[in-house]
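Notes for the one structure printed next.
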Amino acid sequence: MMDNNGASAYLKRLRWALSHLPAEDREEIVTETRAHFAERIAQGATVDEVAASFGEPEAYARRFLENYEISVALSSGSTTRMMATALKAIGSGVGSFFAVLGLVLLYLTALTCLVVAVLKPIMPENVGFWTGEDLLLLGIVSDSVVGGMGLVGDTAGAEERLGYWIIPLSLVAGAVVYLMSNSMLRRFLKSMRKERP
Amino acid sequence: MDITSWKSQLRKGAVELAALAALEGDSRYGLELLDALGATGALDITEGTIYPLLNRLQRDGKIGSTWMEVEGASHPRKYYHLTEEGRALVEAMKAEWGRFARGIDALIEEGS
C-alpha cells in the first residue's frame with residue numbers, strides 16, 4: 001500500500017510537470033509510467049528504486065517537453081518559431097550559443113539583401129555596387145555616410161557596375177541565404193534534440 | 001579524454017540503432033525493450049532515457065504504437081513497432097554500423 005502511494009506521488013508530480021503537453025500525450029506518458037512502476041514493483045523493486053531509474057519527475061518531463069517543442073517548431077516550418085525554440089534551448093543550456101549567433105547573422109544578411117532590392121527603385125543613386133581605384137562597395141550609401149558590405153570609402157570617382165540588375169541579383173542572393181539558414185536551423189534543432197538521448 | 005566519458009559517448013550514439021534493431025522482429029513494450037537493451041550490457045540506458053527516446057522516434061514517424069490488454073498483466077501495455085520509414089532507417093543504420101566497425105577493427109588489427 002505504501003508502495004502504491006509512493007508511485008502515485010511520483011505520477012502526480014509527473015502529470016503536473018507535463019502540463020504544457022496536449023492532454024492526450026500527457027495521459028499516455030503517465031499511464032505508461034504507471035504500468036512500468038506496477039510491473040517493476042511486482043518484480044520486487046521498491047518505489048524508490050523505480051523512481052530513481054526514471055529520475056526526478058520534473059527532469060524526466062523536460063525530456064518529453066523538449067521533444068514536443070522542437071517537433072512543433074520543425075513542423076510549423078515557421079522561421080520565427082524555430083528561432084524562438086533555438087534561443088530558448090540556448091537559455092536552458094542545450095546547444096551552442098555560437099551556432100545560434102551565426103544563424104542570426106545569416107538571417108540579417110538575407111534581410112539586408114531584401115532591403116537593398118526594395119530601396120534601389122526608391123533611391124537609385126544610393127544603392128549599388130561600386131568599384132573604383134581603392135574601393136569595392138556593395139550596398140546602401142547615404143550622401144555623407146558610406147556603409148554596406150565592403151570597404152568604407154567615398155563613391156565619388158567610383159563607378160556603379162550593376163544598375164538595376166542589383167534588384168534580381170540581390171533578391172536571389174537573399175533567397176539563397178534565407179533557405180540555407182532555414183535548413184541549418186532545422187539541422188541545429190534536430191541535433192539539439194539528440195544531445196540528450 | 002578519459003575512458004568513462006569516451007565510453008558514455010560511444011554508448012549514447014548506439015542507443016537509437018539498438019532500440020530500432022530490437023523492434024525489427026516482434027513489437028515490444030517499453031519495459032520489455034529496456035530489459036532487452038540492458039541485457040546486452042553494451043548500453044547505458046534507463047527508464048529515464050528509453051521512454052523519451054521512444055517518444056521522439058514516434059513523433060518522427062519511425063515507430064508506431066498500440067495499447068494492448070495482456071492476460072496476466074495488471075495494466076495495459078503500449079507496444080511499439082517499426083513503421084516503413086523506421087525499417088528503412090534501421091537498414092541504413094545497420095549498413096553504416098557495419099562499415100564503421102569493420103573500418104575501426106581493421107585499424108586496430110593493423111596497429112597491434
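Per chain, numbering begins at 1; letters A, B, ... match sequence-line order.
Residues B/Arg59 and A/Tyr68 meet the side-chain proximity criterion, which asks for heavy atoms closer than 4.5 Å.
Interatomic distance, B/Arg56 CZ to A/Lys190 NZ, rounded to the nearest 0.5 Å: 11.0 Å. Taken from CG in B/Leu54 to CG in A/Asn67, the straight-line distance is 10.5 Å, to the nearest 0.5 Å.
A/Val30 and B/Met68 fall within a single hydrophobic cluster, where Ile, Leu, Val, Met, Phe, Trp and Tyr side chains are chained together by heavy-atom contacts under 4.5 Å. A/Leu185 and A/Val176 are assigned to two separate hydrophobic clusters, defined by single-linkage of ILVMFWY side chains at heavy-atom distances under 4.5 Å. A/Leu21 and B/Trp67 fall into different hydrophobic clusters, where Ile, Leu, Val, Met, Phe, Trp and Tyr side chains are chained together by heavy-atom contacts under 4.5 Å. A/Val127 and A/Val118 fall within the same hydrophobic cluster, where Ile, Leu, Val, Met, Phe, Trp and Tyr residues are linked whenever their side-chain heavy atoms come under 4.5 Å apart, directly or through other members. Criterion: ILVMFWY side-chain heavy atoms under 4.5 Å apart, direct or through other members. Under it, A/Leu87 and A/Ile70 are part of a common hydrophobic cluster.
Taking the six-membered ring for Trp and thresholds of 30 and 60 degrees, A/His36 and B/Tyr51 have ring planes more than 60 degrees apart, a perpendicular arrangement.
Heavy atoms of B/Leu34 lying under 4.5 Å from chain A belong exclusively to its side chain. Neither the backbone nor the side chain of A/Ser75 comes within contact range of chain B; no heavy atom of the residue lies under 4.5 Å from a heavy atom of that chain. For A/Gln43, the part lying under 4.5 angstrom from a heavy atom of chain B is the side chain only. Only the side chain of A/Ser71 comes within contact range of chain B, judged by heavy atoms closer than 4.5 Å.
Applying the ring-ring contact (aromatic ring centres under 6.0 Å, His included) rule to A/Phe64 yields the partners A/Tyr60; only residues at least two apart in sequence or on another chain are considered.
Of all non-hydrogen atoms in A/Arg63 and B/Gly48, the two that sit nearest each other are CD-O, 3.3 Å.
Surrounding CH2 of A/Trp165 are at most 12 heavy atoms belonging to other residues, nucleotides or ligands under 6.0 Å away. Within 6.0 Å of atom CE in A/Met184, 12 or fewer heavy atoms from other residues, nucleotides or ligands are found, so the atom counts as exposed in its surroundings.
Residues from residues 167-174 of chain A never place a non-hydrogen atom less than 4.5 Å from a non-hydrogen atom of chain B. Near-neighbour residues of residues 69-82 of chain B relative to chain A, defined by a heavy atom under 4.5 Å from a heavy atom of that chain, comprise B/Ser74, B/His75, B/Pro76, B/Arg77, B/Lys78, B/Tyr80. Listed by sequence position, the residues of residues 87-106 of chain B in contact with chain A number zero, using a 4.5 angstrom heavy-atom cutoff.
Most heavy-atom pairs under 4.5 Å with chain A, from the set B/Asp35, B/Ile50, B/Ile45, B/Thr46: that is B/Asp35.
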